[in-house]
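Shown next, in structure tokens, is the structure this report addresses.
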Protein chains: 2
Amino acid sequence: MQLTKKLTRKEQIKKVAQNMFRERGYSATSMRDLANAVGIEAASLYNHIKSKEDILRQICFGIADDFFHAIEQVEQSNLPAEEKLKQAISQHVKVITNNLDASAVFLHEWRFLSEPYLSDFKKLRDSYEQSFKKIIIQGKEEGIFKAVDEKFYCLTLFSALNWIYDWYKPTGLLSPQQIAEQLSNLLLEGIKK
Amino acid sequence: MQLTKKLTRKEQIKKVAQNMFRERGYSATSMRDLANAVGIEAASLYNHIKSKEDILRQICFGIADDFFHAIEQVEQSNLPAEEKLKQAISQHVKVITNNLDASAVFLHEWRFLSEPYLSDFKKLRDSYEQSFKKIIIQGKEEGIFKAVDEKFYCLTLFSALNWIYDWYKPTGLLSPQQIAEQLSNLLLEGIKK
DNA sequence: CCTACCGATCGGTAGG
DNA sequence: CCTACCGATCGGTAGG
């Protein structure tokens, strides 16, 4: 276990930016705010990053990668749909709780990406959502899920999953695994036959 | 039925601002953007509104009022908890679907309010959430709800309810009433004994 | 990593 | 509702 870790300046900038973009929003965070929080002059930031949007891109696509690796594992597992869905939920919760600031930025600040990154991002997100829909369809084929509309169901599921960053506290009562279990209980009851 | 309505300039500014604050965010919307969309000069806006934040305040507290009137009706109804919860969900969905832009601003841009409005806003929001928790507690006392943690349950419920503005289309397949019913089905199954 | 600086744009005011 | 304008701040660059 690595409790403290020496961050490179670039990593430090990214970490501070994640927090500030989350707290104040991308647009309302100035490069001078960011530089001040890091402890250097605004101009010096540009020795480590290309532009303000470059930081945003790294945050958004970094988390997108995390979500993708998580769902890939589940998809390749050949498990029954109910177990797949439980694991997908658990993995999703884990990505968020491991990256609270970055997840919040991923969820709300992506719209400040410019093209072509914006379109790329939307494609990735759609593809991820598609993976969840496939699990619901599989469950209906297996005969264990009700004939729900998978689009509506997944929208509701993602809503519940994606608000976690807003209230989860690492010091709170529930562990990420417990949160995933409770959410599974709550949201699987309404879909199981 | 009033299909078209003559808006005063002030109402027009508010309407355009709701849309722009939602689409680009409060911080990234300039008074010049807003004035341009309205069709006047930036300086002329100040004959109708006091400041940029003044517009944000009107939007946020206006929707807060709507939510409060909705939940008050439910609270005074003396219905069993299950019926109360269904109605509260239905009313909540109705407020959002009737005010898509303003709801999005209410949910995401309130953090740009300055004190003392920020604290006032948070109090209103907490009080509203409290009303939902009371319904869950009532249901547990009635013996019809499981021994769930009402805080966790309401967090999940609000997550599902508050994401609706993001995907609801007035021209879509589901009416607000149908959305409320489907959400009630999905989210009440996990809590009912 | 800094000083010095760029043109552009910000929210808002004065005065008519 | 406009023209004209304010000081402050923006993201970013040049040059060392």
Side-chain angles (χ1 to χ4, degrees), chain A residues 6-61 101 105 108-118 121, chain B residues 6-61 101 105 108-118 121:
Chain A
K6 260 203 187 143
L7 297 175
T8 64
R9 187 63 95 184
K10 193 174 177 178
E11 290 167 335
Q12 188 195 1
I13 290 169
K14 191 179 168 190
K15 192 180 171 184
V16 173
Q18 281 172 355
N19 185 253
M20 297 186 85
F21 289 175
R22 176 203 181 158
E23 297 292 342
R24 321 184 184 185
Y26 174 77
S27 174
T29 303
S30 77
M31 295 304 271
R32 282 158 183 82
D33 292 337
L34 178 54
N36 196 48
V38 170
I40 58 177
E41 291 300 317
S44 304
L45 290 171
Y46 292 88
N47 288 295
H48 305 284
I49 52 107
K50 271 183 279 185
S51 65
K52 188 183 177 187
E53 197 188 319
D54 179 47
I55 307 175
L56 182 63
R57 277 199 293 268
Q58 288 184 37
I59 298 170
C60 289
F61 286 93
D101 288 335
V105 174
H108 293 297
E109 310 298 327
W110 58 266
R111 57 185 167 152
F112 294 106
L113 292 169
S114 60
E115 296 293 358
Y117 307 99
L118 183 61
F121 181 86
Chain B
K6 261 204 186 143
L7 298 175
T8 64
R9 187 63 95 182
K10 193 175 177 177
E11 290 166 335
Q12 189 195 2
I13 291 169
K14 192 180 167 190
K15 192 180 171 185
V16 172
Q18 282 172 354
N19 185 253
M20 297 186 84
F21 289 175
R22 176 201 181 158
E23 298 291 342
R24 320 183 185 189
Y26 174 77
S27 174
T29 304
S30 77
M31 296 304 270
R32 282 160 182 81
D33 291 337
L34 178 54
N36 195 48
V38 170
I40 58 177
E41 292 298 317
S44 304
L45 290 170
Y46 293 87
N47 288 295
H48 306 283
I49 51 104
K50 271 183 277 184
S51 65
K52 189 183 177 186
E53 196 187 319
D54 179 47
I55 307 176
L56 182 63
R57 277 200 291 270
Q58 287 183 38
I59 297 170
C60 289
F61 286 94
D101 288 336
V105 174
H108 293 297
E109 309 299 326
W110 58 267
R111 58 185 166 152
F112 295 105
L113 292 169
S114 60
E115 297 291 357
Y117 306 99
L118 184 60
F121 181 85

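Reminder, nothing fancy here: chain letters follow the sequence lines and each chain counts from 1.
Contact of the B:F61 side chain with the B:L113 side chain is registered, since non-hydrogen atoms from C-beta on lie closer than 4.5 Å.
With rounding to whole Å, A:E41 atom CD is found 15 Å from C:dC5 atom P. Atoms CG (A:N36) and P (C:dC1) sit 14 Å apart, rounded to a whole Å. For the pair A:L34 CG and D:dT9 C1', the computed distance is 16 Å after rounding to whole Å. When the P atom of C:dC10 is taken as reference, atom CZ of B:F112 falls 15 Å away, rounded to whole Å. Rounding to whole angstrom units, CE of residue A:M20 and P of D:dC10 are separated by 11 Å. Per the geometry, CG belonging to B:D33 stands 10 Å off P belonging to C:dT9, to the nearest Å. Protein atom CZ of A:R24 is 10 Å distant from nucleotide atom P of D:dC10, rounded to whole Å.
Stretches of at least 3 consecutive Watson-Crick or G-U wobble pairs, with each checked distance under 3.5 Å, appear in DNA chain C as C:1-16 with D:1-16.
The ring-ring contact (aromatic ring centres under 6.0 Å, His included) check on A:H108 picks up A:Y165, B:H108, with sequence neighbours excluded. With sequence neighbours excluded, the residues that form a side chain to side chain contact (heavy atoms under 4.5 Å, CB included) with A:Q58 are A:K10, A:K14, A:D54. Qualifying ring-ring contact (aromatic ring centres under 6.0 Å, His included) partners for A:Y26, counting only residues two or more places apart in sequence or in other chains: A:F21, A:F112. Here A:N19 pairs with A:D101 under the side chain to side chain donor-acceptor pair (under 3.5 Å) rule; sequence neighbours left out. Residues meeting the side chain to side chain donor-acceptor pair (under 3.5 Å) test with A:S44, sequence neighbours left out: none.
Every pair tested for ring pair (Phe, Tyr, Trp, His ring centres under 6.0 Å) that includes a residue from residues 30-53 of chain A fails, sequence neighbours excluded, so the list is empty.
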What one-letter contact string describes nucleotides 11-16 of chain D from 5' to 3', where B marks a base within less than 4.0 Å of any protein heavy atom, S marks contact via sugar-phosphate atoms alone, and - marks no contact?
BBB---

For residues 33-43 of chain A, run the donor-acceptor check on the side chains, cut-off 3.5 Å, and write out each pair with its distance to 0.1 Å, sequence neighbours left out.
unit_1, atom_1, unit_2, atom_2, d
A:D33, OD1, A:S30, OG, 3.4
A:D33, OD2, A:R24, NH1, 3.1
A:D33, OD2, A:S30, N, 3.1
A:D33, OD2, A:S30, OG, 3.3

